[in-house]
K.L.:
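Here it is, the structure, as structure tokens.
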Amino acid sequence: MTRLNCGMRGLVAALSILLTCSRPTGAAGSGATHVLFFLIDDLGYADVGYHGNPVGSKVFTPTIDELSAQGVRLESYYVNFLCSPTRTSLMSGRYAYSIGMNAEVIVDGVDSCMPGSVSTIADRLSAAGWETSAYGKWDMGMTTWGCTPTCRGFGHFFGFYNAFNDYFTHYVGTGLDLRNDTSPVRTLNGTYFTEAVTADAINWLEHKVPAASKGTFAYLAHESNHAPLEVPQYYINGECADAIPLSRPSRRIVCGMMRAVDSSLANVTNAYRRLGVWDSTVIIMSTDNGGNTDTGGSNYPLRGNKATSWEGGVRGVGWVGGGLAAIQRGVVSKAMMHVSDWYPTIVHGIAGLEVGIPADGSPPLDGVDAWPSITSGGPSERKQTLLQLNPAPIVGDLPQAALRVGDFKLIVGKTAVFGAGVTLYSGDHCSGRDDHVSPTTFPYRITNATSPAFCPNGWVPPPESGNPVRPPPDVSCPPPAGSPCYFPNTSYTDGSGVFLYNISNDPTEETNLAAKLPTVVKDLLDQLMVFVNKSIPQDHGGKDPRSDPAAHGGVWTPWIGDPNPANCQAVPAPPVPPPRPCGGDGSEGDGLVVVYGNGSCHANGWCSGPQYGGPPRTAEVSIDGVVVVASIANLPRKIAGLHGFDITFNCEKLSTGDHEIVIACKCSNPALPPQNISNGNSGPTCTHGPPVHVVPCPSSLHQEPL
């Protein structure tokens, strides 16, 4: 397909199609364009038919398969590995890290939400006259009303605010969480959530599409396939029950949940057809993160799980389809794309609005407009994608970072958010049920014996395939779980270190190239440090007791500020962290090794612990008061994160006599004093030794290999 030239050189030739270049044409007579963004929660790579069938998956998604085959399947598309970061990135056009939203999930009662200074897709479209609506799971904060959908650009909302909900009772813990706009909905107890949001979306389309002068944007964010695993029995009967044995109950239920979601997509897209606007409709489908094998999802043949930096956690199922003529047909795209790209793609590429440069102090967009690539098949403008970054770790003592640049992907530090003792089943949250069955009676009991295999650092085939789980060859699992890391009931995922993969040649992440390609590792680390040095706090904090539903009539409700939702009180600004001294995180002196011989010495250690979020410090080595070498401390270390150093210096003078060696970590701010991590050492312990000799400097310092 020839790409249209909408620049000055092509102005005359393109005059008759200028409108198409600036924005896609809509239905005849209306000029409107209609966009449906269809988000599926915890959707695994093999949880759609077109990916899953070749690897033994028995999940049935005929509507998804057909619509994606008639459009553009995005096969190098990335999301975050957890739901809140992906959703805020989608709506804002920024990496979650750039707006401080990368510190795991905003669960019920947590005082955090997307910054109010950041406009959403819906803000931009509604300001331009588009009709906008949101459905399903919000999960982008609810501290004040200003955090909620109807204050973030959506003219209508039907769904819940928290991270998950009971599909039938619509309760989270002791509180109801279901709203129509801002009003609690108390009349749908027993109605399956997937069906309820589908019906409301169709009703909205029937009222808004005929009258839309500019366009409509419907954001339908299903809760499926997130736990609790619940679905009416009639979605399991037939195909799912026939294909998946009863010994795999979680997978059976996920199969039924996906049939319900696939039916939702069929019903909503049929509404566009009935309304006569299919030819001006764009359908975008995406997951929010990889599937959770713990609860019946499957990412096979990709490696890993939801909440990990492996491809199975961050490679998203996504496609663009619909009736709009500009969309290519039957295309599999390998152009790199990130979930943050949807903001400029929808706002600029589809709606024809200028994205512009933020004038409110909010960070610039990280997303790029992918519409030219989607409509012409050209390469993506995106060459780099930040997949994960949390310098202050979520769990344990390690940071998390992952970056894709061109063919290569780098993972540094902790690969997952899981800790020890992960429970693999919850019998009270897994059900396939008929309308006449009591909510507390579940025919599919999940037990240790029937729980899915859990190997978040390895490869987990669909349970119904009969293929064995493959444990990771390059990630150790410390006791008590031990290797191979997928025994039922508990699992460690402390896999950490440096991992480098050529994703183009090795999409399933089988061969770690870090040791073979150190220059590539260094290049990607340097690019990663550009983000690290921004020092953006990533902390949602704890639950606020004022959020207790008991204080709000038994309903989950914004608990800070003006109680009137119509006032849309501004989102509270995130707290500004107090200035910390250089490296003042209690981590200095945690490690130092000097290895010398033949006149050449190596000093390695680290200058800060993982909690330090400031600019990298400089490691400086002095012998007898004279500085002999200095180096930026930005190498990955198993304990310290991206604050390690490994430097070489001449040490011939150490061959005789007693000498003082001092290694100091200096601040970027020259006004702050250096922090010595060796207090100097004179005497026989730091004099000449064997050809390779580890100097036993102060006893509090120890060796920690890179």
Side-chain angles (χ1 to χ4, degrees), residues 1-3 43-55 64-81 86 89-90 95 282-287 289-291 299-304 309-322 326-342 344-346 349-350 366-388 402-411 459 499-511 513 520 524 527:
M1 179 181 293
T2 302
R3 184 172 179 178
L43 177 66
Y45 186 80
D47 292 339
V48 293
Y50 66 88
H51 283 159
N53 291 344
V55 295
I64 291 172
D65 296 348
E66 179 182 2
L67 288 174
S68 64
Q70 296 171 356
V72 180
R73 290 176 177 172
L74 306 171
E75 295 300 333
S76 191
Y77 168 55
Y78 287 96
V79 293
N80 288 72
F81 67 29
T86 286
S89 182
L90 160 66
Y95 292 131
V282 180
I283 310 294
I284 301 170
M285 200 198 87
S286 173
T287 182
N289 45 247
N299 303 303
Y300 199 74
L302 300 182
R303 180 178 184 175
S309 296
W310 308 112
E311 291 289 278
V314 297
R315 228 329 248 288
V317 178
W319 52 265
V320 180
I327 300 169
Q328 296 183 99
R329 304 297 165 188
V331 171
V332 175
S333 173
K334 296 297 181 70
M336 191 187 301
M337 189 172 177
H338 183 257
V339 67
S340 63
D341 297 341
W342 292 121
T345 299
I346 294 171
I350 296 177
D366 295 308
V368 299
D369 183 359
W371 192 243
S373 177
I374 292 168
T375 56
S376 72
S380 170
E381 293 184 18
R382 177 174 290 281
K383 308 302 178 187
Q384 175 200 78
T385 299
L386 181 67
L387 302 175
Q388 169 63 7
L403 181 73
R404 170 87 188 263
V405 179
D407 294 333
F408 289 100
K409 174 182 173 182
L410 178 74
I411 302 175
W459 297 264
F499 304 88
L500 180 72
Y501 300 95
N502 185 321
I503 295 299
S504 297
N505 296 334
D506 181 20
T508 56
E509 296 171 301
E510 306 269 355
T511 305
L513 301 172
V520 177
L524 267 64
Q527 295 187 53

K.L.:
Could you check whether any side-chain heavy atom of Val282 comes within less than 4.5 Å of a side-chain heavy atom of Ile350, counting everything from C-beta outward?
P.N.:
yes
K.L.:
At their closest point, which heavy atom of Leu500 faces which heavy atom of Leu524, and how far apart are they?
P.N.:
CD1-CD2, 4.2 Å
K.L.:
In chain order, what residues pass the side chain to side chain contact (heavy atoms under 4.5 Å, CB included) check against Val331, with sequence neighbours excluded?
P.N.:
Val72, Gln328
K.L.:
What's the shortest heavy-atom distance between Ser89 and Ser340, and which atoms?
P.N.:
OG-CB, 3.4 Å
K.L.:
Is Asp506 reaching over with its side chain to a backbone N or O of Asn502, donor-acceptor style, under 3.5 angstrom?
P.N.:
no
K.L.:
Please give me the minimum heavy-atom distance between Arg329 and Gly322, naming the atom from each residue.
P.N.:
NH1-O, 2.7 Å
K.L.:
Considering residues at least two apart in sequence or located in another chain, which fulfil the salt bridge (charged side-chain N to carboxylate O under 4.0 Å, His left out) criterion with Arg73?
P.N.:
none
K.L.:
To the nearest 0.5 Å, tell me how far Asp407 CG sits from Ile503 CD1.
P.N.:
9.5 Å
K.L.:
Are more than 12 heavy atoms from other residues, nucleotides or ligands located less than 6.0 Å from atom NZ of Lys383?
P.N.:
yes
K.L.:
Could I get the full list of salt bridge (charged side-chain N to carboxylate O under 4.0 Å, His left out) partners for Glu311, not counting sequence neighbours?
P.N.:
Arg315, Lys409
K.L.:
For residues Ile374 and Val320, report the shortest heavy-atom separation together with the two atoms involved.
P.N.:
CD1-CG2, 3.9 Å
K.L.:
Walk me through whether Ile411 and Trp310 qualify under side-chain contact (heavy atoms from CB on, under 4.5 Å).
P.N.:
CA-CA 8 Å; Ile411 302 175; Trp310 308 112; 3.5 Å; yes
K.L.:
Roughly how far, to the nearest 0.5 Å, is CZ of Phe499 from CG of Leu513?
P.N.:
12.5 Å
K.L.:
Find the distance between OG1 (Thr287) and CG (Asp47) and round it off to the nearest 0.5 Å.
P.N.:
8.5 Å
K.L.:
Roughly how far, to the nearest 0.5 Å, is the CE atom of Met285 from the CG atom of Leu43?
P.N.:
5.0 Å
K.L.:
Counting distance only, does the side-chain N/O of Trp342 pair as donor-acceptor with the main-chain N or O of Ile284 below 3.5 Å?
P.N.:
no
K.L.:
Identify the residue among Met337, Met336, Arg382, His338 that makes a side chain to side chain contact (heavy atoms under 4.5 Å, CB included) with Ser76.
P.N.:
Met336
K.L.:
Give a yes or no answer on whether the side chain of Asn289 reaches the backbone of Asn80 with a donor-acceptor pair at less than 3.5 Å.
P.N.:
no
K.L.:
Quick one: CD1 on Ile327 to CH2 on Trp371, what's the gap to the nearest 0.5 Å?
P.N.:
4.5 Å
K.L.:
Name all residues meeting the side-chain hydrogen bond (donor to acceptor under 3.5 Å, both in side chains) criterion together with Gln384; count only those two or more places apart in sequence or in a different chain, and write none if there are none.
P.N.:
Gln527
K.L.:
Would you name the heavy atoms of Arg303 and Tyr501 that are closest together and state the gap between them?
P.N.:
NH1-OH, 3.2 Å
K.L.:
So, for Asp369 and Thr345, which heavy atoms are closest and what is the spacing to 0.1 Å?
P.N.:
OD1-CA, 3.4 Å
K.L.:
Taking Ala335's backbone N and O only, do any of them form a donor-acceptor pair with Ser380's side chain (distance below 3.5 Å, no angle check)?
P.N.:
no
K.L.:
Please enumerate all residues that pass side chain to side chain contact (heavy atoms under 4.5 Å, CB included) together with Val55, with sequence neighbours excluded.
P.N.:
Ala46, Tyr300, Pro301, Pro462
K.L.:
Does the Asn299 side chain pair with the main chain of Gly304, one donor and one acceptor, at a distance under 3.5 Å?
P.N.:
yes
K.L.:
Going by atom types only, do Ser286 and Tyr77 share a side-chain donor-acceptor pair under 3.5 Å?
P.N.:
yes
K.L.:
CD of Glu509 to CG of Leu302: how many Å apart, nearest 0.5 Å?
P.N.:
8.0 Å
K.L.:
Tell me, do Tyr50 and Ile64 make a side-chain contact under 4.5 Å, heavy atoms counted?
P.N.:
yes
K.L.:
Tell me every residue that passes ring pair (Phe, Tyr, Trp, His ring centres under 6.0 Å) with Tyr78, counting only those two or more places apart in sequence or in another chain.
P.N.:
none
